[in-house]
Amino acid sequence: MNTREIARRFARTWQTGWATHDIDLLLSLYAPGIVHRSMPFREPHRGLDALRKYLTWSFSEEDVLDVRFGEPLVDGDTAAIEFRVHAREGDLAGCVFVTFDAEGLAVATRDYWHMSDNP
């Protein structure tokens, strides 16, 4: 498994999928048993159905103007990828930590992000 290429694909797909709110495209990156943590103190989203509900909720009132993902930092089967989103509601900056399985699907993700106070 070439984790660097898999992580780059993950970042490119998220950049496109977030900008267009294409949930099906985004879910194609994840294994069925995905455990996704959107913030440190929130309960994790377990499985594709839970992740779909979370993404649907997240995108429901968001008007995205631009999405950018950085070059992944890779160690073993895990990558850290910074992102920035410019939306009418304000700017968001953060980082996702992704662990991939042997097929290149995300099995665990953890997001840390912050929203600006200036829309």
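Below, all heavy atoms of this structure are taken into account, side chains as well, without hydrogens, waters or symmetry copies. This chain uses plain numbering: 1 for the first residue, then up along the sequence.
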(request) Would you please name every residue forming a side-chain contact (heavy atoms from CB on, under 4.5 Å) with V74, sequence neighbours left out? (result) T3, R4, A7, P72, A79

(message) If the condition is side-chain contact (heavy atoms from CB on, under 4.5 Å), which residues does T13 pass it with, not counting sequence neighbours?
(response) R9, L25, L29

(request) Can you sort out the partners of H21 under ring pair (Phe, Tyr, Trp, His ring centres under 6.0 Å), two or more places apart, ordered by chain and number? (result)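 Partners of H21 under the ring pair (Phe, Tyr, Trp, His ring centres under 6.0 Å) test: F59.
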
(message) Please enumerate all residues that pass ring pair (Phe, Tyr, Trp, His ring centres under 6.0 Å) together with F83, with sequence neighbours excluded.
(response)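 Counting only residues at least two positions away or on another chain, F83 forms a ring pair (Phe, Tyr, Trp, His ring centres under 6.0 Å) with W18, F69.
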
(request) For residues 96-110, pull every pair meeting side-chain hydrogen bond (donor to acceptor under 3.5 Å, both in side chains), keeping only residues two or more places apart or in separate chains. (result)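 Pairs touching residues 96-110 that pass the test: H36-T109, T78-T99, R110-Y112.
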
(request) Determine which pairs satisfy side-chain hydrogen bond (donor to acceptor under 3.5 Å, both in side chains) with at least one residue from residues 49-58, sequence neighbours left out, and list them in order. (result)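 Qualifying pairs, neighbours excluded: D24-R52.
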
(request) Any pair with a residue in residues 32-47 that passes salt bridge (Lys or Arg N to Asp or Glu O under 4.0 Å), sequence neighbours left out, goes on the list, sorted by first then second residue, please. (result) none

Partners meeting salt bridge (Lys or Arg N to Asp or Glu O under 4.0 Å) with [X] (sequence neighbours left out):
X: D63; value: R88
X: R8; value: E5, E71
X: R84; value: none
X: R68; value: D66

(message) Could you check whether atom CD of E82 has more than 12 heavy atoms from other residues, nucleotides or ligands sitting under 6.0 Å from it?
(response) no

(request) Dump the intermediate steps for side chain to side chain contact (heavy atoms under 4.5 Å, CB included) on L51 and L55, then the final yes or no. (result) CA-CA 6 Å; L51 185 54; L55 293 173; 4.1 Å; yes

